[in-house]
Amino acid sequence: MENTENIDSNRNTNKIANNTSTTETNIMNRNNNKQMNDKMNNESNDIIELDDHNRPKRPRNSYGKSRTERSRPSKSDDNSSDFIFNKNEKSKDIIYLKAGDRYSGTVKILRKAVPGPVIFTISDGYGSIDAATKTSNLEMDDVVDIAGTVNDRAGRLQLEIASIKKTDKDFSKIIEEKSAPARTDFSIKSERYETMLPAFLAIAKRIRRAIIENQPILIRHHNDSDGINSGLALEIACKELMTKLGINSEYNLYRSPSKAPFYEVSDVFRDIISAKRLTVGHGQKKPLIIVADNGSTPEDMFAFKALSALGYEAIVIDHHNPVILNDVSKITVTNITNNKSNLKKMYSNQKFSTGVCEYLSLHLNPYLFGLDSQTSAGMLCYEMGRFISEEFNAPAMPAVAAISDRCNIPETELYITNSKQTRDDLTRIGTAIDFMAYQLKFDSGKGLIEEVYTSKEIVDIINEKVKEGIATQLQSTLPYLRTQEINGIIFSHIDLEKYTVRFSYPNPGKVIGMIHDQVALGKENQAVFSIGYMSDMIIIRATKPVLPVQKIIETLRKELPEANVDGGGHEMAGTIKFVPAHLTTIIEKIKTMLKDIKHEEN
């Protein structure tokens, strides 16, 4: 049975309503002032009444209420037809309402405050507002059609209910519509991005829905310039939307870096502990977990299996080589998701799936669409941020991420142009971010990292410090670098464990990158392949994909199973881990692979 309540907000103040409520007997008969009030009604929206002693009463609004009465519900139903919910009338979203606006729409009751006048907190699926009425049998979680006028009460907007009626409409469909991104275009023209557009829209919609439904969000990202720009773009965009909807991001949005280039076991355990604090300690929903610049490889499998087993939903935005790519028809989703139809749509133009897809609700990686790693995670997450929040705009971020991750594609140049900064300035910002990440380790650097985009002075100070460190590391390593030509390829190698200054920036991974750049100078037409090794690890850098990192790993696993080779990365940059006893054998096998390959220079 429908529960209907029509409450007139435009009651004639000079007429005693024929109402059996006991409160109605307290309303004074103002017939003596009728003529004066009628005249005032015709001249102004403000009604001035006289009391029994012919003194002006307190000012009233156009609905016949004094400021003190505005907190009380309307009591009569004489003129409610003017204010009844009109499904054909288009109202503003609640977040855009201002005092004096009339609102009519379908909402959900989030909270009910009694005793006294009933104050509901209602939501249209995008924003919320308090709504006042005299009495009501409606309860929290009821979906209702509501109409009324917005007033300002002590700096806070409140809807004075004119009519309210319970409905059997599916509010989840309303939420679904509100969650759809307003933007559907990218900040730059890119065929790469257009290929992945369904994935962008599906993920942005899921994140927006989490925000609208007050579901906490945990962002986990790699701890380098590209990864930090990824996490930062998502964090800022989510925070902007939360602020717009009146949600406190301090209790709903968390960001943490991962030191390892994959979603490490210790990191997923930390995230589960954080999630437990939210759900058990504060009664919040299970958070949505977003992994950026990590998450696509077999090394990430354990983390997502663990999350899925405990009922946590995870999304990945990554650009690393997933290693194992399967036909898209093999996708199955065992994880929880409110968006299965859109999940299928996301994969409609997708060519491949990965092993981790089974444990994710959504996954964006260029490799799934037949592309490569040259579109970095920071670039992807910047565009994702624009779909999450229409106000998000930080054009330097994707440019810095692209330069930091050596993305040599036209999109990088477009981002540099949009940033209105030079490549050198953007490179220095990326260097500053990397330096901060190294020093902060597991700290997100919240509030500090952002300074590099606004303070040139701090960027200059950090780059001077880094320059000193680079000089020291190169001084220690270059004399011991060994270089030879193998099959037309310049091959360089050095023992980083023996010749680098440990526990200082730049770290060994950065050092081999700098050494590699020095060797590659003037050799643009020749492939340069550099490795830096430690007792249980080899770091690889190359100018051309003559020997992709993943191919090295696959070959070593097959030929040297006892070494327990693991690792990952891109075609021309990556890391290989193994049992230390096999270091010399692995280096020799890499040389043999270089001898055996066929490449353009031959």
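- If you look at F369 and F352, their ring centroids are not closer than 6.0 Å.
- Here the straight-line distance linking atom CG of L157 with atom CD1 of I129 works out to 5.0 Å at 0.5 Å rounding.
- Within a 6.0 Å sphere centred on NZ of K285, other residues, nucleotides and ligands contribute more than 12 heavy atoms.
- Remark: the backbone N or O of D124 is not paired with any side-chain donor or acceptor of D93 at under 3.5 angstrom.
- Nearest approach of S230 to A292, heavy atoms of both residues: CB-CB, 3.8 Å.
- Taking the salt bridge (Lys or Arg N to Asp or Glu O under 4.0 Å) definition, one finds that E194 meets it with nothing, sequence neighbours left out.
- Judged purely by atom type and a 3.5 angstrom limit, N365 has no side-chain atom pairing as donor or acceptor with the backbone of I317.
- Residues Y312 and L288 form no side-chain contact, since every pair of their non-hydrogen atoms from C-beta on lies 4.5 Å or further apart.
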Determine, step by step, whether V144 and K165 satisfy the side chain to side chain contact (heavy atoms under 4.5 Å, CB included) criterion, reporting the C-alpha distance in whole Å, the side-chain angles of both residues, the deciding distance to 0.1 Å, and the verdict.
-> CA-CA 5 Å; V144 298; K165 176 181 179 181; over 6 Å; no
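- Between I207 and C238, the closest side-chain pair of non-hydrogen atoms falls below 4.5 Å.
- Between Y382 and A394, the shortest heavy-atom contact is CE1-O, 3.3 Å.
- Salt-bridge annotation for E450 and K239: absent, with no side-chain N of the basic residue lying under 4.0 Å from a carboxylate O of the acidic one.
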Stepwise side-chain hydrogen bond (donor to acceptor under 3.5 Å, both in side chains) check, S296 with D318 = CA-CA 7 Å; S296 295; D318 190 19; 3.0 Å; yes
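- We find the CD1-CG distance between I219 and D271 to be 11.0 Å, quoted to the nearest 0.5 Å.
- Between the side chain of T195 and the backbone N or O of E191 there is at least one donor-acceptor pair closer than 3.5 Å.
- The distance from the CG atom of D101 to the CG atom of L159 is 10.5 Å, given to the nearest 0.5 Å.
- Nearest approach of I315 to S361, heavy atoms of both residues: CG1-OG, 3.5 Å.
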Evaluate the side chain to side chain contact (heavy atoms under 4.5 Å, CB included) criterion for residues H319 and D293: first the C-alpha distance (whole Å), next the side-chain angles of each, then the deciding distance (0.1 Å), finally the verdict.
-> CA-CA 6 Å; H319 71 127; D293 198 28; 3.2 Å; yes
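- A salt bridge does not link K98 with D152: every distance from a Lys NZ or Arg NE/NH1/NH2 to an Asp or Glu carboxylate oxygen is 4.0 Å or more.
- Between the side chains of T121 and R111, at least one donor N or O lies within less than 3.5 Å of an accepting N or O.
- Heavy atoms from other residues, nucleotides or ligands lying under 6.0 Å from NZ of K446 number more than 12.
- For R255, the side-chain hydrogen bond (donor to acceptor under 3.5 Å, both in side chains) partners are H221, E235, not counting sequence neighbours.
- Partners of D185 according to the salt bridge (Lys or Arg N to Asp or Glu O under 4.0 Å) rule, which considers only residues two or more places apart in sequence or in another chain, do not exist here.
- With no hydrogens or angles considered, a side-chain donor-acceptor pair links S225 and S404 at under 3.5 Å.
- Between the side chains of N214 and N252, at least one donor-acceptor pair of N or O atoms lies under 3.5 Å.
- Residues T149 and R102 have side chains that never bring a donor and an acceptor to within less than 3.5 angstrom of each other.
- Listed by chain and residue number, R423 satisfy the salt bridge (Lys or Arg N to Asp or Glu O under 4.0 Å) test with E413 (two or more places apart in sequence, or in another chain).
- At a threshold of 4.5 Å between non-hydrogen side-chain atoms, the residues E313 and I289 do not count as touching.
- The shortest side-chain heavy-atom distance between V400 and D226 does not fall under the 4.5 Å cut-off.
- Here the side chains of V316 and L362 are not in contact, with every heavy-atom distance at 4.5 Å or above.
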Please test F200 against F186 for ring-ring contact (aromatic ring centres under 6.0 Å, His included), starting from the C-alpha separation and ending with a verdict.
-> CA-CA 10 Å; F200 275 98; F186 296 99; 5.0 Å; yes
Any chance you could lay out the side-chain hydrogen bond (donor to acceptor under 3.5 Å, both in side chains) test for Y453 and N229, step after step, and finish with the verdict?
-> CA-CA 11 Å; Y453 284 103; N229 277 292; 2.4 Å; yes
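- No side-chain donor-acceptor contact under 3.5 Å links T375 and E411.
- Distance alone, capped at 3.5 Å, places no donor-acceptor pair between the D130 side chain and the Q158 backbone.
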Could you walk me through whether N248 and M242 pass the side chain to side chain contact (heavy atoms under 4.5 Å, CB included) test, one step at a time?
-> CA-CA 7 Å; N248 191 339; M242 287 179 180; over 6 Å; no
Candidate pair R270 and S256, rule side chain to side chain contact (heavy atoms under 4.5 Å, CB included), full reasoning | CA-CA 10 Å; R270 288 189 188 100; S256 301; over 6 Å; no
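- Side-chain atoms of D141 and I109, non-hydrogen and from C-beta on, never get closer than 4.5 Å to each other.
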Evaluate salt bridge (Lys or Arg N to Asp or Glu O under 4.0 Å) for R208 paired with E390, printing each intermediate quantity in order.
-> CA-CA 11 Å; R208 283 170 60 87; E390 300 91 275; 3.2 Å; yes
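- Residues D142 and K108 are not paired through a salt bridge, judged by the lack of any N-O separation under 4.0 Å between the basic side chain and the carboxylate.
- Sorted by first and then second residue, the ring pair (Phe, Tyr, Trp, His ring centres under 6.0 Å) pairs with a member in residues 93-149 form an empty list; sequence neighbours excluded.
- Here the CG-NE2 distance, from D267 to H222, works out to 10.0 Å after rounding to the nearest 0.5 Å.
- Separating the CD atom in E213 from the CG atom in L245 is a distance of 12.0 Å, to the nearest 0.5 Å.
- Annotation for S389 and R183: closest pair O-NH1, 3.6 Å, computed over non-hydrogen atoms.
- Taking each heavy atom of R220 and P257 in turn, the nearest pair found is NH1-O, 2.7 Å.
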What do the steps show when you test K112 against E139 for salt bridge (Lys or Arg N to Asp or Glu O under 4.0 Å), and what is the final call?
-> CA-CA 7 Å; K112 179 181 181 180; E139 298 295 339; 3.4 Å; yes
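- Judged by distance alone, with hydrogens and angles left aside, the side-chain atoms of D170 form a donor-acceptor pair with the main-chain N or O of S172 at under 3.5 Å.
- Using a 4.0 Å cut-off between charged side-chain N and carboxylate O, E176 and K173 make no salt bridge.
- L448 CG to I433 CD1: the interatomic distance, rounded to the nearest 0.5 Å, is 10.0 Å.
- Between P395 and P398 the shortest heavy-atom distance is O-CD, 3.3 Å.
- Between the side chains of K286 and T279, no donor-acceptor pair of N or O atoms lies under 3.5 Å.
- Between M379 and I409 there is a side-chain heavy-atom pair separated by less than 4.5 Å.
- At least one side-chain heavy atom of P181 sits under 4.5 Å from a side-chain heavy atom of K205.
- Remark: T412 engages no residue in a side-chain hydrogen bond (donor to acceptor under 3.5 Å, both in side chains) (not counting sequence neighbours).
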